[in-house]
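For clarity, every value in this text was computed on a predicted model and none was experimentally measured. To find a chain, count down the sequence lines: A is the first, B the second, and so on, and within it residues start at 1.
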Protein chains: 2
Amino acid sequence: MTRRDRLTKVRAIETVLKRDAAMNLKELATKLGLSPTTVSRALNGYPEVNEATRERVIAAAKRHNYHPNTRAIRLATGRAMAVGHVIPIATRHEIVNPVFADFIAGAGETYSRNDYDMILSVVPDEDEDATYRGLKSKGNVDGVIVHAPRMNDPRIALLREIGLPFVVHGRATGTAEPYSWLDVNNRRAFQRATEFLLDLGHSRIGLVNGLEFMDFAIRRRTGYVDALTARGITPDPGLMFSDEMTEVAGFRATQAMLTLPQPPTALLCASMISGMGARRAVESAGLVVGRDVSIIIHDDDLSYMKNGEDVPIFTATRSSVREAGRLAAEMLLALIAHPEDAPQQRLLEAELIIGQSTGPAPKA
Amino acid sequence: MTRRDRLTKVRAIETVLKRDAAMNLKELATKLGLSPTTVSRALNGYPEVNEATRERVIAAAKRHNYHPNTRAIRLATGRAMAVGHVIPIATRHEIVNPVFADFIAGAGETYSRNDYDMILSVVPDEDEDATYRGLKSKGNVDGVIVHAPRMNDPRIALLREIGLPFVVHGRATGTAEPYSWLDVNNRRAFQRATEFLLDLGHSRIGLVNGLEFMDFAIRRRTGYVDALTARGITPDPGLMFSDEMTEVAGFRATQAMLTLPQPPTALLCASMISGMGARRAVESAGLVVGRDVSIIIHDDDLSYMKNGEDVPIFTATRSSVREAGRLAAEMLLALIAHPEDAPQQRLLEAELIIGQSTGPAPKA
DNA sequence: GAATCGCTTCAAACCGCTTTGGATGGTTCA
DNA sequence: TGAACCATCCAAAGCGGTTTGAAGCGATTC
């Protein structure tokens, strides 16, 4: 079979497939004895169409199960009606994490309500730039959400340069120009948590932080350090750990601290998962959480990883990442609708909830 | 400002925005002194174009940073170049789970490599049907992946009816017609795990299963029951729990079993997370995992929830859900390319890896 | 009674690409 | 020498909507 034959065959198949294609605007217009123009306007709520006609059109559209072809709309309007989320993969697997799933779920709810598509691009680290450029120049999306910003994050300059609207989930310290972001007040959250522990009489407090090239991790450390300093305690570098927020990392950091000559009596953990690792380390050292060692975690309120139900397992700084997703998506859609507006910012406060993992400092 | 004025203004703004619009095929063709036809063919590798010309075109495309507009390609070819993943939300939050994130990451890698978009629809349970119908009739996707199948899953009949290619991640017991799926051999995995425990001398073995309207959960229970029965042990309903795969649920089920007159000496847990709940219950009962109570989990090999690194924390049946995502996506793309082909199936085997959480049954 | 106006409607252009169905000119072969 | 045949290239017709610019027409105004 020659190439030409094959093409011919492919086209024949495609023709067959199109036989059960959906009804389109032209057909519907013909059935109604109207022009496509009028039908289009009737369905899109334009004022220059008789109300009686509009109702007739809407009824017919429903009756014939007419759904305008998205691809045609997109070409005609020049809008993608889609938002992108780029997820770099491989070396840093920090991003494919449970937090991300819940954020996506929240954002997705907003998109669904507004008839936007959410498109996820999973790409190797080194293709990230090219991906953003492609998304823009090929016209696949109208805007993007930037995840997991780092210090001086280069993506912000890039996106501004190529003119793709964006909202950052988190902040990127070191960026000069204003940009739109939505963040949790991580500094304040960890500051309050630390103060809470200090109030309970703890003075050796360990920090099991996330990777500190991530912006939120830096802010958390700042809050922790500030609270200690304010009470006249010099932060001890031997009590500050920074690693991925995994169970194993939490375990190791805690284990290391517990073997110190002066082990901590309380811990701040960056996530529920690292908190579970910390708990394992505490318990396998024969100690009891909440009595010998107090633990406070940051709780992103993930739907499948609830910190208890009625009674929280861990005392925690809590902020729903899913709600953050919903809000960030709303900000982005607003930005897409009014690109000329000034960048918006939104800072969410975490609440401090008391669970079973904290108690007064043990008498020395 | 009248409506017309406003429209005029909007258009003016749009015109301004288009000034920095990307170069298009026609412009590129003009610059080259060729017709759009030839340029298109040159770039798409069609044979009816002189090689010298092709090279010239490719060079010019690169030089002028030409990227064909995806929206136009989609309209012209009638293909969406996109795959959908529908995630029902709200009542059953089972799906927004960590497994899902890793599966998506795997599938996304495949899509990226093949220049397909992945679109995620997060919709309320009751809109799921309408979402699939809309995806098809509005032409947003060329196919979908079906997640978390249940017994007699109605989505399969629906998708076949509307003629949207699909691959199921898992299987849906009770479906008569053949369909494409990719699954882990959950029955065999749990059977082997149970046999392993039996070999270690355990005879009271508890099951902390996922929700048993999910197909995989049923299969796991079958494997567990079969292994027991084969050794002449009658499965005890008091040792079989079924709930969401959360930490808290794992904790509760385990706690309940440990207070029985004859508590189990070993547990099978449906996930890493429920296994952690189980471990918490064991330890808070003053027992030691791997000595007093053995635990085997199913490990989906999630990137952010590693079951240890060198040495596994838990003995586990392991199967990478990310790899499953990659493979399922490949199956779907093949199906889209050859819709006339027979449905494909693929059954992956889990490996049994030995960790620190199992040991011989304690002497009674 | 003519000019004007608002309300409806429509034909045609357009979005940016693919694909069809030639056209052109040079080769090959009888 | 002329017909058949390639290898290349192009004009134009889609794809299925939206949007422009204009037209028809009864009602209002002067």
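- Of the two residues contacting DNA chain C, namely R71(B) and R41(B), the nearest-nucleotide position lying further toward the 5' end is that of R71(B).
- Taking the centre of each ring, F100(B) and H85(B) stay at or above the 6.0 Å mark.
- For the 3.5 Å distance criterion, the side chains of T38(A) and S35(A) qualify, holding a donor opposite an acceptor.
- Atom pair L43(B):CG and dG16(C):P shows a separation of 17 Å (rounding to whole Å applied).
- For K26(B) and dT18(C), the NZ to P distance is 15 Å, given to the nearest whole Å.
- Counting non-hydrogen atoms under 4.0 angstrom, I73(A) reaches the backbone sugars and phosphates but no base.
- Distances shown here put every side-chain N or O of T37(B) at or beyond 4.0 Å from the OP1 or OP2 atom of dC9(D).
- One atom, CG of N24(A), and another, C1' of dC15(D), lie 10 Å apart when rounded to the nearest Å.
- Between Y66(A) and dG16(D) there is no side-chain polar atom (N or O) within less than 4.0 angstrom of OP1 or OP2.
- Within the structure, a side-chain polar atom (N or O) of Y46(A) is placed less than 4.0 Å from OP1 or OP2 of dT19(D).
- Computed from coordinates, the L34(B) CG to dA11(D) P distance equals 11 Å when rounded to whole Å.
- As a whole-Å value, the separation of M23(A) CE from dG17(D) P is 10 Å.
- The existence of a salt bridge linking E161(B) and K136(B) is excluded, since no basic side-chain nitrogen approaches an acidic carboxylate oxygen closer than 4.0 Å.
- Atom NZ of residue K31(B) and atom CG of residue L28(B) lie 8.5 Å apart, to the nearest 0.5 angstrom.
- You'll find that the side chain of S35(A) is closest to dC10(C), out of dG17(D), dT9(C), dC10(C).
- Between R54(A) atom CZ and dT8(C) atom P there is a gap of 10 Å when expressed in whole angstrom units.
- Checking dG17(D), dT18(C), dC17(C) against the side-chain heavy atoms of N69(A) singles out dG17(D) as nearest.
- Spacing between atom CD of E48(B) and atom P of dC5(D) amounts to 19 Å, rounded to whole angstrom units.
- For T38(B), no side-chain nitrogen or oxygen approaches OP1 or OP2 of dC9(D) to under 4.0 Å.
- Between dT18(C) and T77(B), no contact under 4.0 Å exists linking OP1 or OP2 to a side-chain N or O.
- Residue R74(B) is tested with D117(B), N140(B), N69(B) for a side-chain contact (heavy atoms from CB on, under 4.5 Å); the sole match is D117(B).
- Contact annotation for G33(A): backbone-only contact, meaning every heavy-atom pair under 4.0 Å involves sugar-phosphate atoms and none involves a base.
- Within the 4.5 Å cutoff, no side-chain heavy atoms of V123(B) are placed close to those of Y132(B).
- One finds a side-chain N or O of N50(B) lying less than 4.0 angstrom from the OP1 or OP2 phosphate oxygen of dT8(D).
- For T53(B), whose side chain is taken as the heavy atoms from C-beta onward, the closest listed nucleotide among dG16(C), dT8(C), dC9(D) is dC9(D).
- Distance from the side chain of S40(B) is smallest for dT18(C) among the nucleotides dC17(C), dT18(C), dG16(D).
- Toward the 5' end of DNA chain D, the nearer of the two residues V49(B) and N44(A), judged by each one's closest nucleotide, is V49(B).
- The separation between L32(B) atom CG and dC10(D) atom C1' is 15 Å, rounded to whole Å.
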